[in-house]
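First comes the structure, then the notes that go with it.
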Amino acid sequence: MMSKGILIVVSAPSGCGKGTILAEILKSDEFYYSVSATTRQPREGETDGVNYHFLQKDQFENLIENDGMLEYAQYCGNYYGTPRDKVFQKLDEGKNVILEIEVQGAMQIKKKCPDAVFIFIAPPSVQELKRRLKKRGTESAEIINQRVSEAAHEISFAHEYDYIIVNGELDKAVEDFKTVIHSQKLRSESQNKFIDEVLNNA
Ligand code: 5GP
């Protein structure tokens, strides 16, 4: 029996280690990572079609007009969005589909797909977030401060999510993530098909 997969929406301020947690989760082929589209320039090491589908602004706007985006948002002057096609195809195949998106997009998904599970990954503290951003050493003090205040704004939306995972220790955070998915599978509405089958064979 093929059960439909779970749609998982994950948001986190930058510097929370979201990428590291997801890399661990995606080692299992139960999960499918939805590759977003964006109009921002690729960073060094990023590959088109793997990290993002890098599009021109008119291509992106064309997709919006043709209802090709499940959600989209503007973030730091660029468009980011989830192409609609693969998401439902993969869910139908029974994969758990991960959307790694910012808060505005997550709120759109909440309206369109109420069955999705919403996970917010938070840093253990703002001080720790600052320390991690500094340690990365890629940004100036001014940019770090800007990212920290952006992070605080994003954290203020955390109560809109079903689960908050604090990324203090990687192993613990990955375990928490798996626990959330496991609980979601056990929810009664996820098991309607199973219950129907039991009753049909009674
Ligand atoms: P970055 O430019 O650092 O890769 O991403 C910036 C922000 O855009 C991150 O918070 C990331 O989660 C978010 N983002 C990435 N893809 C999407 C998407 O498809 N939709 C939305 N709404 N946000 C996205």
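Computed over heavy atoms, backbone and side chain alike; hydrogens, waters and symmetry mates excluded. Atoms within each ligand, like the ligands themselves, are counted from 1 in listed order.
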Any side-chain heavy-atom pair of [X] and [Y] under 4.5 Å:
X: Lys135; Y: Arg131; result: yes
X: Asp171; Y: Glu175; result: no
X: Glu102; Y: Gln104; result: yes

- Quick one: do Tyr80 and Met69 end up in the same hydrophobic cluster if we chain Ile, Leu, Val, Met, Phe, Trp and Tyr together by side-chain heavy atoms under 4.5 Å apart?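 Cluster IDs for Tyr80 and Met69 differ.
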
- Message: Which residues end up grouped with Val10 if you chain together Ile, Leu, Val, Met, Phe, Trp and Tyr wherever their side-chain heavy atoms are less than 4.5 Å apart?
- Response: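 Direct or chained contacts put Val10 with Ile6, Ile8, Ile21, Leu22, Ile25, Leu26, Phe31, Tyr33, Val35, Ile98, Val117, Ile119, Ile121, Tyr163, Ile165, Leu170, Val174, Phe177, Val180, Ile181.
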
- Item | Considering all heavy atoms, the nearest Ala12-Glu154 contact | O-OE2, 4.3 Å

- Item | Proximal protein residues to ligand 1, non-hydrogen atoms under 4.0 angstrom | Lys18, Ser36, Arg40, Arg43, Tyr52, Glu71, Ala73, Tyr75, Tyr80, Gly81, Thr82, Glu100, Ile101, Glu102, Gly105

